[in-house]
Amino acid sequence: MNPYKLGIWEERADQAQVALDALFWNESIRMYNIETPCPNGECNTIFHYWWMAHAVDVLVDGLLRTGDDRYTTRLNALHKGLLQRNGGVWPNELYDDMEWMALAWLRAYQATKEEVYKETALVLWKDIQTGWNTHMDGGIAWQKSQLDYKNTPANAPAVILAARLYQAFANPVDLEWADRIYLWLKEHLVDAETGFVWDGMNRTGDGSIDKDWKYTYTQGVFIGAAVELYRITKDPIYLDDAGRTFTAAVKELADTRTGVLPDEGNGDGGLFKGILIRYLGELVSVDPEATEVATFLRNNAELLWEKGRSVDEVLFGTRWTESPLGVVSLSSQLSGIKLLEMMTKLG
């Protein structure tokens with residue numbers, strides 16, 4: 001394929017995907033290094049399970065956009081590498097981690113029709129359901145060792161997963177799960193006045209809500225949950241919910257001068273903006289009137305490409321208005337790719 005015949009965003013997404021493959025992929029472990037440079041794989045001291053789920057997601061993005069077999073090959077290798085690294089099973093201790101992994105392999109299944117990916121998603125979904133309990137009047141726990149702590153990261157992605165499973169396989173029980181979790185989340189962790197989404201509750205055992213934890217991540221997953229239920233029901237209340245949260249997120253988190261999303265730090269925080277970006281893109285895809293959202297995405301993408309790219313490689317750090325220097329984390333690279341891939345759909 002001649003890259004000069006591609007649209008500008010396709011060219012940029014391709015360059016970022018090539019950088020991911022060339023600078024992060026580690027064939028010896030069949031996974032991505034967690035940062036670059038990473039001489040001899042020395043950076044891989046921790047298994048970032050949920051980062052790898054987002055790596056699966058961006059591979060699916062590339063595959064759906066191009067049909068290139070290299071994405072299929074990487075997905076196959078990564079599936080094997082992850083299963084081996086996780087001890088031959090898919091579940092782990094963190095419900096939100098498992099939700100991200102299930103979402104990613106469900107998308108991979110839909111893109112490739114590889115039954116093993118579907119099986120992976122369903123095995124994880126079965127385990128995820130065990131996180132629902134009566135502490136805090138319901139909701140899915142964040143982790144198996146702390147069943148009374150409930151947060152948005154463990155509940156909103158579960159809504160997205162349950163709703164997508166229902167759309168894929170028409171099991172009405174999945175839709176019941178999506179409705180139940182969404183109602184609990186909206187009642188307990190969404191500000192009724194503004195639509196801003198709080199992080200969690202009862203983390204310290206006193207029932208308090210972590211209202212000071214203000215992240216792009218939590219806004220994004222709630223918007224994604226609303227979008228998926230709108231796809232199923234066509235009930236405009238879900239678009240209203242998503243739109244209110246978008247407005248609140250921009251007001252609370254984006255730079256008032258440039259409109260750019262914030263630097264939320266390295267490590268896990270490097271993924272947060274990418275999560276919001278993905279689900280804002282989903283909102284635009286279902287709501288032709290969401291022109292403000294599309295403009296917001298385009299502005300962030302232009303800033304990222306013009307100012308946030310490394311000088312010598314297509315690498316992205318945690319600050320989208322500054323070129324990264326030195327080590328670049330896999331998490332922030334994935335967020336940048338999510339934005340570029342989303343722009344290939346928006347134009």
Hydrogens and angles aside, do D263 and T318 bring a side-chain donor and acceptor to less than 3.5 Å of each other? yes
Closest approach of A19 and L315, non-hydrogen atoms and distance? CB-CD2, 4.5 Å
Rounded to the nearest 0.5 Å, how far does CG of D68 lie from CG of L59? 11.0 Å
The single option from D96, D199, V197 that satisfies side chain to side chain contact (heavy atoms under 4.5 Å, CB included) with T152 is V197
Do you know which two heavy atoms are closest between A158 and I181, and how far apart they sit? CB-CD1, 3.9 Å
Using every non-hydrogen atom in the two residues, find where F296 and V250 come nearest and quote the distance to one decimal. CE1-CG2, 3.8 Å
To the nearest 0.5 Å, tell me how far L63 CG sits from T73 OG1. 10.0 Å
Does the side chain of D241 pick up a donor-acceptor pair with the side chain of Y182 at under 3.5 Å? yes
Any donor-acceptor pair under 3.5 Å from R244 side chain to A192 backbone: yes
Greater than 12 external heavy atoms within 6.0 Å of E289's CD: no
Donor-acceptor pair, distance only, cut-off 3.5 Å: does the side chain of N44 make one with the backbone of I34? yes
Got F222 and L189 here, is their nearest side-chain heavy-atom distance under 4.5 Å? no
Straight-line distance of Q143 CD to D97 CG, nearest 0.5 Å: 10.0 Å
Less than 4.5 Å apart, side chain to side chain, heavy atoms only: is that true for L276 and L261? yes
Any donor-acceptor pair under 3.5 Å linking the side-chain atoms of N133 with those of K150? yes
Is it the case that the side chains of W184 and D137 hold a donor-acceptor pair, with the cut-off being a distance below 3.5 Å and no angle test? no
Are W198 and D210 side-chain neighbours, meaning at least one heavy-atom pair lies under 4.5 Å? no
May I ask you to say whether R278 pairs ionically with D61, meaning some side-chain N is under 4.0 Å from a carboxylate O? yes
W50-D268 side chain donor-acceptor pair, cut-off 3.5 Å: yes
Sequence neighbours left out, cut at 3.5 Å: what donor-acceptor pairs do the side chains of residues 335-347 make with other protein atoms?
{"from": "S335", "atom 1": "OG", "to": "G270", "atom 2": "O", "distance (Å)": "2.7"}
{"from": "S335", "atom 1": "OG", "to": "L271", "atom 2": "O", "distance (Å)": "3.3"}
{"from": "S335", "atom 1": "OG", "to": "G274", "atom 2": "N", "distance (Å)": "3.1"}
{"from": "K338", "atom 1": "NZ", "to": "H54", "atom 2": "ND1", "distance (Å)": "2.9"}
{"from": "E341", "atom 1": "OE1", "to": "R65", "atom 2": "NE", "distance (Å)": "2.7"}
{"from": "E341", "atom 1": "OE2", "to": "Q17", "atom 2": "NE2", "distance (Å)": "2.9"}
{"from": "E341", "atom 1": "OE2", "to": "R65", "atom 2": "NE", "distance (Å)": "3.4"}
{"from": "E341", "atom 1": "OE2", "to": "R65", "atom 2": "NH2", "distance (Å)": "3.0"}
{"from": "T344", "atom 1": "OG1", "to": "E341", "atom 2": "O", "distance (Å)": "2.6"}

Spacing of CG belonging to D127 relative to CE belonging to M98, to within rounding of 0.5 Å: 4.0 Å
Distance-only donor-acceptor check, side chains E264 and T216, under 3.5 Å: yes
Ignoring hydrogens and geometry beyond distance, is a side-chain donor-acceptor pair present between N86 and N92 at under 3.5 Å? no
Close side-chain approach of K214 and L253, heavy atoms under 4.5 Å: yes
Return yes when atom CD of E302 has more than 12 non-hydrogen atoms of other residues, nucleotides or ligands closer than 6.0 Å, and no otherwise. yes
Are the side chains of D287 and Y238 in touch, meaning some heavy atoms are under 4.5 Å apart? no
Angle between ring planes, W90 versus H79, binned at 30° and 60°: parallel, tilted or perpendicular? tilted
Ignoring hydrogens and angles, tell me if any N or O in the side chain of N300 forms a donor-acceptor pair with the backbone of G259 under 3.5 Å. yes
Quick one: does N155's side chain have a donor or acceptor within less than 3.5 Å of a partner on L185's backbone? no
Under 3.5 Å donor-acceptor, T245 side chain and G195 backbone: yes
Keeping E282 on the side-chain end and V227 on the backbone end, is there a donor-acceptor pair under 3.5 Å? no
Can you list the steps and then say if V284 with T291 is a side-chain contact (heavy atoms from CB on, under 4.5 Å)? CA-CA 7 Å; V284 172; T291 55; over 6 Å; no
Could you tell me which non-hydrogen atom of K307 sits nearest to which non-hydrogen atom of T321, and how far apart they are? CB-O, 3.5 Å
Do R107 and T112 pair up side chain to side chain, a donor and an acceptor below 3.5 Å, judged on atom types alone? no
Taking the side chain as every heavy atom from C-beta outward, state whether W125 and D174 have any atom pair closer than 4.5 Å. yes
Output yes when a side-chain donor or acceptor of N151 lies under 3.5 Å from a complementary backbone atom of A154, and no otherwise. yes
For a side-chain contact (heavy atoms from CB on, under 4.5 Å) check, start with the C-alpha distance between K186 and I237, then their side-chain angles and the critical distance, and finish with the verdict. CA-CA 12 Å; K186 185 176 177 180; I237 188 62; 4.2 Å; yes
Should we count CG of D212 as having more than 12 external heavy atoms under 6.0 Å? no
Closest non-hydrogen atom pair between A102 and A121, with its separation: O-CB, 3.6 Å
Looking just at side-chain N and O atoms, do E11 and W9 make a donor-acceptor pair shorter than 3.5 Å? no
S323 and R309 have their tightest heavy-atom pair at OG-O, 2.9 Å
Supply the atom-to-atom distance K80 NZ to L75 CG, rounded to the nearest 0.5 angstrom. 11.0 Å
Counting only heavy atoms from other residues, nucleotides and ligands, does the tally under 6.0 Å from CD of E193 exceed 12? no
T36 side chain to L23 main-chain N or O, any donor-acceptor pair under 3.5 Å? yes
Contact check, side chains of N76 and Y117, non-hydrogen atoms, under 4.5 Å: yes
Would you tabulate the side-chain donor-acceptor contacts of residues 165-172 under 3.5 Å, counting partners in other chains and residues two or more places apart, or write 'none'?
{"from": "Q167", "atom 1": "NE2", "to": "A163", "atom 2": "O", "distance (Å)": "3.2"}
{"from": "Q167", "atom 1": "NE2", "to": "E228", "atom 2": "OE1", "distance (Å)": "2.9"}
{"from": "N171", "atom 1": "OD1", "to": "V173", "atom 2": "N", "distance (Å)": "3.0"}

Counting only heavy atoms not in K251, do more than 12 fall under 6.0 Å of its NZ? no
Assess whether side-chain contact (heavy atoms from CB on, under 4.5 Å) is satisfied between V56 and W105, documenting all intermediate values. CA-CA 7 Å; V56 173; W105 289 116; 3.5 Å; yes
Ring-plane angle category for W100 and Y217, please: parallel below 30°, perpendicular beyond 60°, tilted otherwise. perpendicular
Indicate yes or no for a side-chain donor-acceptor contact from D255 to the backbone of T258 under 3.5 Å, with no hydrogens or angles considered. yes
Considering only heavy atoms from C-beta outward, does the side chain of R85 approach that of I29 to under 4.5 Å? no
Between E292 and T247 (side chain of the first, backbone of the second, donor and acceptor by atom type, cut-off under 3.5 Å), is there such a pair? no
Just say parallel, tilted or perpendicular for the rings of W213 and Y215, cut-offs at 30° and 60°. tilted
Rounded to the nearest 0.5 Å, what separation is found between the CG atom of N33 and the NE2 atom of H48? 11.5 Å
Before giving the answer on side-chain contact (heavy atoms from CB on, under 4.5 Å), spell out for F196 and V190 the whole-Å C-alpha distance, their side-chain angles and the decisive distance to 0.1 Å. CA-CA 6 Å; F196 193 80; V190 180; over 6 Å; no
Joint hydrophobic cluster, F316 plus I8, side-chain heavy atoms closer than 4.5 Å: yes
